[in-house]
Amino acid sequence: MKDTLRHRGKRNRLAETVAEKGIKDKKVLDAIRKVPRHLFMDSSFEDHAYQDKAFPIAAGQTISQPFTVAFQTELLNVSQGDKILEIGTGSGYQTAVLLEMKARVYSIERQLELFKRTNLFLAKLGYRPKKLIFGDGYKGLKEEAPFDGIIVTAGAPEVPRALLAQLKVGGRLVIPVGEMIQVMTMFTRKSAKEFEKKEYGEFRFVPLLGDKN
């Protein structure tokens with residue numbers, strides 16, 4: 001597991017690419033520069049790791065396009081110490097980006113193969129989420145709620161009510177909503193019962209799977 005000067009140079013260029021596409025949050029761009037994305041992918045993809053593209057990983061899932069990761073993270077508006085719930089740990093790349101931004105991360109993965117692999121792998125790299133859970137992301141994590149932010153890294157046919165309920169007032173849920181093509185959607189909790197909704201265009205994600213455990 002090597003991270004070389006060449007890799008770091010490629011990350012700097014990737015951060016520039018993402019910035020050119022509209023990402024302005026310096027903390028997000030710094031995290032993209034720091035996280036060794038090539039280590040989160042199969043070694044056969046290493047030469048392509050710093051292209052702004054999604055790639056397949058285990059269990060029929062993907063590691064998201066860096067721009068998508070940066071876009072969702074920027075919408076979350078993360079501050080140091082924020083309590084963030086991630087639905088869909090996947091390869092752990094998004095988790096690592098949030099941890100580089102000094103968030104306290106709780107992450108749920110429902111693919112057992114991925115959960116086991118990523119749990120070991122993140123620790124090996126020195127990334128330590130508060131909790132990594134094998135479970136159903138649709139249900140969220142009620143025992144740790146409320147959260148400053150919730151990020152969903154898979155396409156949801158509808159917005160799980162449990163996730164809205166687990167947001168702090170002022171907190172944000174960033175979720176791609178739709179079947180084949182998703183609309184990136186952000187809900188901001190304004191009060192106990194009031195949410196503000198904003199939409200940010202079309203994206204493509206693997207589907208969010210629930211009720212399997």
Side-chain angles (χ1 to χ4, degrees), residues 18-19 21-29 31-32 52 54 61-62 64-90 93-95 97-98 101-110 129-130 133 135-212:
V18 166
K21 291 184 176 182
I23 301 301
K24 295 181 177 67
D25 188 327
K26 184 179 179 298
K27 298 192 298 284
V28 175
L29 295 170
I32 296 287
D52 190 23
Q61 304 299 296
T62 60
S64 290
Q65 179 184 355
F67 172 73
T68 304
V69 170
F71 190 84
Q72 284 195 280
T73 308
E74 186 170 68
L75 287 180
L76 267 188
N77 193 29
V78 179
S79 295
Q80 183 169 338
D82 276 358
K83 193 174 185 181
I84 305 293
L85 175 62
E86 177 189 32
I87 307 299
T89 316
Y93 179 67
Q94 172 75 73
T95 320
V97 166
L98 291 166
M101 296 175 72
K102 306 290 191 286
R104 294 176 293 147
V105 183
Y106 298 75
S107 190
I108 303 175
E109 175 55 57
R110 68 151 306 279
K130 286 290 183 185
I133 297 121
D136 183 353
Y138 267 101
K139 295 174 182 169
L141 196 60
K142 194 175 180 182
E143 64 270 26
E144 295 291 349
F147 295 96
D148 296 293
I150 301 176
I151 182 170
V152 180
T153 63
E158 74 271 335
V159 181
R161 287 179 183 272
L163 300 185
L164 289 170
Q166 289 170 29
L167 273 183
K168 272 184 189 170
V169 173
R172 296 178 172 194
L173 165 64
V174 177
I175 180 169
V177 183
E179 300 275 0
M180 298 299 289
I181 296 173
Q182 295 84 31
V183 175
M184 191 66 74
T185 310
M186 181 175 78
F187 293 88
T188 306
R189 187 165 206 166
K190 295 295 188 183
S191 68
K193 293 188 176 176
E194 188 188 0
F195 295 86
E196 178 185 82
K197 176 182 174 183
K198 290 184 180 175
E199 295 182 342
Y200 294 91
E202 292 183 351
F203 287 77
R204 282 181 185 270
F205 283 79
V206 294
L208 177 65
L209 302 171
D211 303 318
K212 293 291 168 97

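In this text, all values refer to a predicted model and were calculated from it rather than measured experimentally.
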Asks: Between atom CG of N77 and atom CZ of R172, what is the distance when rounded to the nearest 0.5 Å?
Replies: 4.5 Å
Asks: Calculate, to the nearest 0.5 Å, the distance between atoms OG1 and CG belonging to T68 and D52 respectively.
Replies: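 One finds 7.0 Å between OG1 of T68 and CG of D52.
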Asks: Do other residues, nucleotides or ligands put more than 12 heavy atoms under 6.0 Å from the NZ atom of K21?
Replies: yes
Asks: Could you work out, with ring-ring contact (aromatic ring centres under 6.0 Å, His included) as the rule, every residue matching Y93, not counting sequence neighbours?
Replies: F40
Asks: Work out which heavy atom in E109 is nearest to a heavy atom in G90; give both atom names and the distance.
Replies: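 For E109 versus G90, the nearest heavy atoms are OE1-N, 2.7 Å.
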Asks: Please enumerate all residues that pass side-chain contact (heavy atoms from CB on, under 4.5 Å) together with V177, with sequence neighbours excluded.
Replies: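 If we apply the side-chain contact (heavy atoms from CB on, under 4.5 Å) test to V177, skipping adjacent residues, the hits are V159, I175, T185.
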Asks: Between R189 and L164, is any pair of side-chain heavy atoms under 4.5 Å apart?
Replies: no
Asks: Considering all heavy atoms of both residues, which atom of A103 and which atom of V78 are nearest to each other, and what is their separation?
Replies: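 Looking at all heavy atoms of both residues, the shortest contact is CB-CG1, 3.9 Å.
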Asks: Give me the atom names and distance for the closest heavy-atom approach of G22 to E74.
Replies: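 The answer is O-OE1, 4.1 Å.
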Asks: What residues, two or more places apart in sequence or in another chain, satisfy salt bridge (charged side-chain N to carboxylate O under 4.0 Å, His left out) together with K193?
Replies: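 By the salt bridge (charged side-chain N to carboxylate O under 4.0 Å, His left out) rule, K193 matches no residue at all.
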Asks: Locate the shortest heavy-atom distance separating L167 from P146; write the atom from each residue and the value.
Replies: C-CB, 4.1 Å
Asks: Taking only residues two or more places apart in sequence, or in another chain, which ones meet T89 in a side-chain hydrogen bond (donor to acceptor under 3.5 Å, both in side chains)?
Replies: S107
Asks: Mind checking what makes salt bridge (charged side-chain N to carboxylate O under 4.0 Å, His left out) contact with K197, not counting sequence neighbours?
Replies: E199
Asks: Can you sort out the partners of K83 under side-chain contact (heavy atoms from CB on, under 4.5 Å), two or more places apart, ordered by chain and number?
Replies: R104, Y106, E144, F147, D148
Asks: State, yes or no, whether a side-chain contact exists between I23 and I32 at a heavy-atom distance under 4.5 Å.
Replies: no
Asks: So which atom in S64 and which in V69 form the shortest heavy-atom distance, rounded to 0.1 Å?
Replies: CB-CG2, 3.7 Å
Asks: With rounding to the nearest 0.5 angstrom, report the CD to OG1 distance, Q94 to T73.
Replies: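 Going from the CD atom of Q94 to the OG1 atom of T73 covers 3.5 Å.
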Asks: Kindly indicate whether the side chain of L76, heavy atoms from C-beta on, has any atom under 4.5 Å from the side chain of L98.
Replies: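 The answer is yes, as the side chains (C-beta and beyond) meet within the 4.5 Å cut-off.
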Asks: Are the side chain of S79 and the backbone of D82 linked by a donor-acceptor contact shorter than 3.5 Å?
Replies: no
Asks: So how far is it from K139 NZ to I108 CD1, rounded to the nearest 0.5 Å?
Replies: 10.0 Å
Asks: To the nearest 0.5 Å, tell me how far D136 CG sits from L141 CG.
Replies: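 Here the rounded value is 11.5 Å.
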Asks: Check whether any side-chain heavy atom of E158 lies under 4.5 Å from a side-chain heavy atom of Y138, and answer yes or no.
Replies: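 Yes, their side chains come closer than 4.5 Å.
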Asks: Is the F71 ring parallel, tilted or perpendicular to the Y200 ring (thresholds 30°, 60°)?
Replies: perpendicular
Asks: Check P176 against A154 and note the closest heavy-atom contact, atom names and distance.
Replies: CG-O, 3.4 Å
Asks: Quick one: pull up CE in M186 and CD in E196 and give me the separation to the nearest 0.5 Å.
Replies: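 Between atom CE of M186 and atom CD of E196 there are 6.5 Å.
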